[in-house]
Amino acid sequence: MTAVKITRENALAALRTIGHVPVLIVGGGINGMGTFRDLSLQGVGCLLVEQSDFCSGASRAPSRMIHGGLKYLETGEFRLVRESAAERNRLLLNAAHYVRPLEMIIPIHSWFDGIVPALRKFLRMPAKITERGALVIKLGLWLYDLYGALNRAMPRHRMIARQDILREIPDLDPSLKVAASYYDAWITSPERLVLELALDGMAAHPGNLALNHLRFLRVEGNEVALQDVETGEMFSMTCDIMVNAAGAWIDRVNSGASSARRMIGGTKGSHLMLELPALAETLNGRMIYFEAAGGRICILSNFMGHVLLGSTDIPVDNPDGVICDDDEVDYLLSAFRRLFPQVPVDRSSIFFSYAGVRPLPANDASDPGGISRDHSMPELPPEGERRFPILSLVGGKWTTFRAFSAEVTDEILKRLDKRRLSSTENTPIGGGAGLSQAATHTERLLTTIAQEHKLDRSRARQLVSRYGSRAKSIAEALAGGETFLASLPEFSREEIAFVSNTELVLHAEDFLFGRSSVFMERPLRHAALRELVETMAAFRGWDAAKQSAELGRLVDRYRRLHRIDISAATAPHPSFI
């Protein structure tokens with residue numbers, strides 16, 4: 001797919017000339033962006049607006065799993081499991097630069113527990129599973145293998161004897177009876193995958209725009225009012241169809257169209273990043289899928305040399321500014337200690353935390369974990385002066401975004417009396433083009449970049465792991481030489497400038513949290529934030545006041561959303577608060 005280069009200034013200039021767009025998408029998370037790309041590939045004119053940065057809500061706060069939904073077998077959601085397993089396999093093929101196989105380990109503490117409640121739950125009868133025994137898990141994994149048979153990309157499950165799993169992961173709770181192993185997948189950079197969907201869409205249909213920091217305000221008559229968050233500039237336009245992909249904010253957007261209908265009953269999922277390098281090394285690229293007290297499923301994995309622990313499932317009414325609160329911290333650390341009773345862990349081990357609100361359908365269920373993760377597309381039909389329908393994208397999972405986007409696109413094509421030009425089932429995403437899970441293509445790309453652009457092979461590998469096949473164009477921009485940052489040695493000034501100028505980066509926060517995953521890869525210090533801002537100031541022409549505001553924005557975000565004090569006063573040791 002041909003690369004596209006668009007600046008925010010050019011995009012806003014183009015927006016000023018647009019009075020009408022066939023499809024307006026509100027929300028730049030995974031569902032909205034997947035739909036934007038699919039529509040663009042079908043030749044449909046569309047505009048996507050996101051009030052913050054792309055992938056800034058729940059899409060940026062997942063457990064980083066790409067999975068078939070093993071637990072949905074309990075509730076008999078076979079269609080969702082089948083679709084999830086197929087889409088997981090497709091992502092392994094289409095986004096091989098970010099999505100990779102992951103071995104999952106299930107510690108099991110009994111042989112027969114959970115049979116009766118599992119049967120009742122399967123029959124849609126009231127039941128709560130507090131512990132799943134080996135027999136229930138074995139049956140579930142056997143079914144899971146069957147549903148993953150389409151485009152099979154990974155091994156079947158196996159059971160592991162107690163002495164063998166304790167030999168491999170000796171810190172596990174020794175009271176376990178047996179363990180199970182099966183394969184799903186994980187994603188290294190959901191932020192970048194969403195961004196690459198935007199770039200793909202704009203490249204596929206020049207003239208289509210995906211714009212961050214552009215807020216939907218309201219529907220006025222038959223027109224939609226938008227506002228540039230940075231300058232306050234107002235825009236007004238009409239559309240044939242509006243897609244509400246605002247996630248947990250769907251009801252708020254619909255209220256701007258004078259609808260009081262409740263569609264969302266979001267639940268908060270929180271995660272902790274723990275600085276436990278020895279345990280991370282022991283996990284050796286595996287994720288542990290385990291039961292916390294009461295039967296709630298949690299995960300623990302090695303993420304870039306540290307330990308990722310999650311997640312909670314708590315109903316929330318207001319999605320703004322959600323954080324991992326004290327009760328959730330205690331819950332997650334307690335679950336960790338149950339799993340690894342001899343590994344010392346406390347709040348001083350936390351170097352990052354994050355939370356997001358799943359945009360689940362409105363539901364008064366007593367068990368939030370039992371609310372379906374399936375997707376739906378309820379409609380607000382034309383009403384009064386508003387002559388266009390609003391389709392809201394409710395629910396869904398990261399793994400199934402492509403299938404959901406295809407359903408939405410097909411519905412829009414039907415309403416616009418257009419036909420589908422191509423399927424996205426086998427369409428690579430961004431830097432996934434030309435790559436696969438096999439090493440051959442990656443090694444060939446590394447050799448090409450190193451030889452053609454005179455880069456050290458280790459630097460070429462770093463770029464490929466970060467950008468996939470898009471690393472070729474980035475390496476070309478770095479051919480004149482690089483100056484690496486002292487506090488962020490993973491990046492050079494030239495790389496930051498190229499990415500910022502070609503990927504709609506407005507703030508230093510956009511680069512750090514939306515174009516990289518370094519914020520989760522290791523604890524960062526205040527000096528790193530300051531150097532990033534100074535680097536961007538050099539090519540953006542920011543004065544001292546602007547630099548101070550950008551640095552303050554980063555420090556405030558760390559404290560307000562991630563509970564990390566990273567102010568200069570705490571240097572060189574930021575702390576969890």
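FYI, the numbering just counts along the sequence from 1.
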Just jot down the side chain to side chain donor-acceptor pair (under 3.5 Å) partners of [X], sequence neighbours excluded, or say none.
{"X": "Asp317", "value": "none"}
{"X": "Arg415", "value": "Glu379, Glu411"}
{"X": "His306", "value": "none"}
{"X": "Asp240", "value": "His20"}

Considering residues at least two apart in sequence or located in another chain, which fulfil the salt bridge (charged side-chain N to carboxylate O under 4.0 Å, His left out) criterion with [X]?
{"X": "Arg8", "value": "Asp228"}
{"X": "Arg192", "value": "Glu196, Glu503"}
{"X": "Asp53", "value": "Arg60, Arg515"}

Query raised in the report: What do you reckon, are the aromatic ring centroids of His562 and Phe513 less than 6.0 Å apart?
Result: yes
Side chain to side chain contact (heavy atoms under 4.5 Å, CB included) partners for [X], two or more places apart:
{"X": "Ala246", "result": "Asn244, Trp249, Ile250, Val253"}
{"X": "Met304", "result": "Thr188, Glu521"}
{"X": "Ile297", "result": "Arg132, Tyr289, Glu291"}
{"X": "Ser259", "result": "Asn254, Arg261, Leu380"}

Query raised in the report: Does Phe290 have any ring pair (Phe, Tyr, Trp, His ring centres under 6.0 Å) partners at least two apart in sequence or in another chain, and if so, which?
Result: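 Ring pair (Phe, Tyr, Trp, His ring centres under 6.0 Å) list for Phe290, sorted by chain: empty.
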Query raised in the report: Considering the options Arg402, Met33, Arg420, which one meets the side chain to side chain contact (heavy atoms under 4.5 Å, CB included) requirement together with Asp38?
Result: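 Exactly one candidate clears the test, Arg420.
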**Report entry** Option from Thr35, Ile241, Val23 for which side chain to side chain contact (heavy atoms under 4.5 Å, CB included) with Leu391 holds
**Finding:**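 With Leu391 as partner, Thr35, Ile241, Val23 yield a single side chain to side chain contact (heavy atoms under 4.5 Å, CB included), made by Ile241.
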Query raised in the report: So His213 and His507, would you call those rings parallel, tilted or perpendicular, with 30° and 60° as cut-offs?
Result: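 The arrangement is perpendicular - the two ring planes meet at more than 60°.
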